[in-house]
Amino acid sequence: MHDPTNAEVAAALDELGDLYELDGAIIHRVVAYRNAAKAVRDAGVSVVAMAREGRATELPGIGPTIQDKLVALADEGTIPAAVKLRAKFPPGLIEMMRLPGLGPKRARRLFDELGIDSVDALGAAAEEQRLRLLKGFGPKAEEGILAAIQAARREDHGQRTVLDRALAVGEALVDALRAEPSAVRVELAGSVRRMSDTVKDLDVIATATDPQALIQAAGSLEMIGSASAVSHSGARLRTHTGLQVDLRIVAPDQFGNLLQHLTGSKEHNMALRDLAVRKGLHISEYGVLDDATGQTHRCATEEEVYGLLGMSYIEPELRENRGELEAALAGTLPDLVGLTDLKGDLHCHSTASDGTASIEQMAAAARTAGYEYLAITDHSATMGFGSDVSPEELRRQIDAIRSSEVDGIRLLAGSEVNILPDGSLDY
DNA sequence: GCCGTTTTCGGCCCGACTGTTTTCAGTCG
C-alpha cells in the first residue's frame, strides 16, 4: 500500500468539502476544506509524511482537525467523516450541484423533497415539469437545468483555449478597438493578461469618449460574430473563432480598479481583499473604501490600488496567490524573465531538413529579436525524417553555417554545441 | 475549520444577477 499522493489527499479534502456543503455546514467550514486542499496541492513535499510527524499544521489553512483527518486517511485509506457522509448523499448529488445554476442548497432540496439523486433523474423530472412543484422553482428553472445538462453532455462547457491562440485573437481585437475614434484606452485583462496556459474567455476593458459608440463599433468588427448582453457599460461578444469576449467600458478614474479586478486571479483577489480588510480597506472593482474616512479611493492605475495597501506593483503573471502578496509587502518581488532576457535560441531547423526558412533568414530574424547567438540543429539521417543527410553533407552544412555572413549574430552548428554545467556554451 | 501588530472567540471578499418573490436566497465570477 502506497501513501496517498498530495493530489489524492487534495481530492479527498475537496470531496469532504463538497459533502459538508451538501450537509448544510456553514460555508466557512466548507471553504476551510477547499483552502486546505489547495495548500496540499501546492505543497512541494508529501503532506501525508508531514501529517505523520504532526507537522501538516505548518501549511497555511491546515489546523489540528484536518491534520488528524490526514493521519486517518494515511492509516485507514479513508476519512471516517467522508464515509459517513457518502452514505447520506448519493454521488449523483455532487454532480448535480456542479451544474451551472444549481448549487448545494437547491440540489439538496431536489433530493430531499423530490428524491432526485442523479443528473439523469433531474433531467427526466425537468422534462416532466415536476420541478415547478417545488417552492422557489419555476418554468425558467426547469428550462435552465435542461440547458445546463445538455451543455454538460456536449462537453463544450469547460472547454478552454490555448494561450497563444487566445492571445493572438485578443491582441487583434485590442488593436481593432484602439483604432476606433471613440476609444481612449483599451487593454486585455483576465487570464490571458496573466499569461495562463489556457483561457476560458477574453476580458477587454476600455475608456472611451463615447462609450455607446465604442460598444456599437465592437459589435460590428469583422472578427466579431455576435453581440449579446449589450448595455451602457459593455457587451458580451463572440468571435468567429468561437471565443467569448466580455467588453467593459469604465470611467478613466476607475480604470485601475476594474483592470485589477478583472485581471484576477480569483484567488489573488480574494487574498488581496482579505488582507485589505485587516487594514480597514475594502477593495472592489469600483474603488477602495477606507473605513477610517468613509472615502472611496478611485484609482486610474493598478499601481495606486496596490500602493494603497502598501504594496509594490505585482506583475499579472504572478497574481495566483502563491506568495506574491507577501513578497509585494516585503518588497521582495522577483524580476520576471522577459523576452529581452533571451540571448539566443539553441534549437532551430532550416530548410536543410524540415524547417521553413533558410539559415540566413533565421539569422536575420534572430538579430531583429536581439539575440546574441543562434544554433542550427537540423536533423541528421539517423533521426529517420527530414532529408537524408550524409556525414559529408553534414560537414558541408557546418561549414556553411560557419561561413554565413550575418552581422551581429553568432551562428553555431548545433551538432557541435555543448552546454556546460554553469550554463555557458562550449563550441 | 482556521486564525490573530484589532481577537483564543468571532470573525471569515465583494458585488451583480436571477428567478422567484413581495424583500430575498442562491448562485456566479
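What you see is a predicted model, and the numbers here were worked out from it, not measured in a lab. Each chain gets a letter, A, B and so on, in the order its sequence line appears, and its residues count up from 1. All values below were derived from every heavy atom in this structure, side-chain atoms included, with hydrogens, water molecules and symmetry-related copies excluded.
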Could you tell me how far dT27(B) sits from dC13(B) if I compare only their C1' atoms? Round to whole Å. 16 Å
Please measure how far the P atom in dG15(B) lies from the corresponding atom in dC9(B), and state the result in whole Å. 31 Å
Ranking dT27(B), dC14(B), dT20(B) by distance to the side chain of K140(A), first place goes to dT20(B)
Between dT27(B), dG1(B), dG4(B), spot the one nearest the side chain of Y33(A), thanks. dG1(B)
If I pick the P atom on dC2(B) and the same atom on dT6(B), what distance separates them, to the nearest angstrom? 23 Å
What protein N or O atoms touch nucleotides 8-12 of chain B N or O atoms at under 3.5 angstrom, if any, and at what distances?
| unit_1 | atom_1 | unit_2 | atom_2 | d |
| --- | --- | --- | --- | --- |
| dC12(B) | N4 | H28(A) | ND1 | 3.3 |

Please state the P separation for the pair dG1(B) and dT5(B) - nearest whole angstrom. 23 Å
Please give the distance between the P atoms of dT21(B) and dA16(B) as a whole number of Å. 24 Å
Taking dG15(B), dC13(B), dG1(B) as options, the one with an atom nearest any side-chain atom of M270(A) is dC13(B)
DNA chain B: Y286(A) or L275(A), which has the more 5' nearest nucleotide? L275(A)
Take Q260(A) and N269(A) through the side chain to side chain donor-acceptor pair (under 3.5 Å) test and state the conclusion after the steps. CA-CA 8 Å; Q260(A) 195 285 320; N269(A) 283 354; 3.0 Å; yes
Using atom C1' in both nucleotides, what's the gap between dT23(B) and dC17(B) to the nearest angstrom? 16 Å
When you compare dC12(B) with dT7(B), how far apart are their P atoms, in angstrom units rounded to a whole number? 15 Å
When you check the phosphate oxygens OP1 and OP2 of dG1(B), does a side-chain N or O of R29(A) lie under 4.0 Å from one of them? yes
Gap between atoms CZ and P, on F137(A) and dT27(B) respectively (whole Å): 8 Å
Any ion pair linking D112(A) and K88(A) (charged N to carboxylate O, less than 4.0 Å)? no
Salt bridge flag under 4.0 Å for residues E324(A) and R194(A): no
Is any side-chain N of the basic residue among K279(A) and D290(A) closer than 4.0 Å to the acidic one's carboxylate O? no
Could you list the donor-acceptor pairs under 3.5 angstrom formed by side chains in residues 10-17 of chain A, with sequence neighbours left out?
| unit_1 | atom_1 | unit_2 | atom_2 | d |
| --- | --- | --- | --- | --- |
| D14(A) | OD2 | R41(A) | NH1 | 3.3 |
| D14(A) | OD2 | R41(A) | NH2 | 2.8 |
| E15(A) | OE1 | R86(A) | NH2 | 3.1 |
| E15(A) | OE2 | R86(A) | NE | 2.8 |

If dT8(B) has a Watson-Crick or G-U wobble mate with both distances under 3.5 Å, name it; if not, just say none. none
Could you tell me whether E53(A) and R55(A) have a side-chain N and a carboxylate O separated by less than 4.0 Å? yes
Nearest to the side chain of P104(A), heavy atoms from C-beta on, is which of dT27(B), dC13(B), dG1(B)? dT27(B)
So, OP1 or OP2 of dC2(B): does either fall under 4.0 Å of a side-chain N or O from T65(A)? yes
Expressed in angstrom and rounded to an integer, what is the separation of L309(A) atom CG from dT5(B) atom C1'? 17 Å
Are any of the side-chain nitrogens in R178(A) or E187(A) under 4.0 Å away from the carboxylate oxygens of its partner? yes
If the P atom of dT20(B) is compared with that of dG26(B), how far apart are they to the nearest Å? 15 Å
Residue met sooner reading DNA chain B from 5', once E142(A) and M97(A) are mapped to nucleotides: E142(A)
If only side-chain N and O atoms of K69(A) are considered, is one of them under 4.0 Å from the OP1 or OP2 phosphate oxygen of dG1(B)? yes
Quick one: sort the Y20(A) and Y33(A) rings into parallel, tilted or perpendicular, breaks at 30° and 60°. tilted
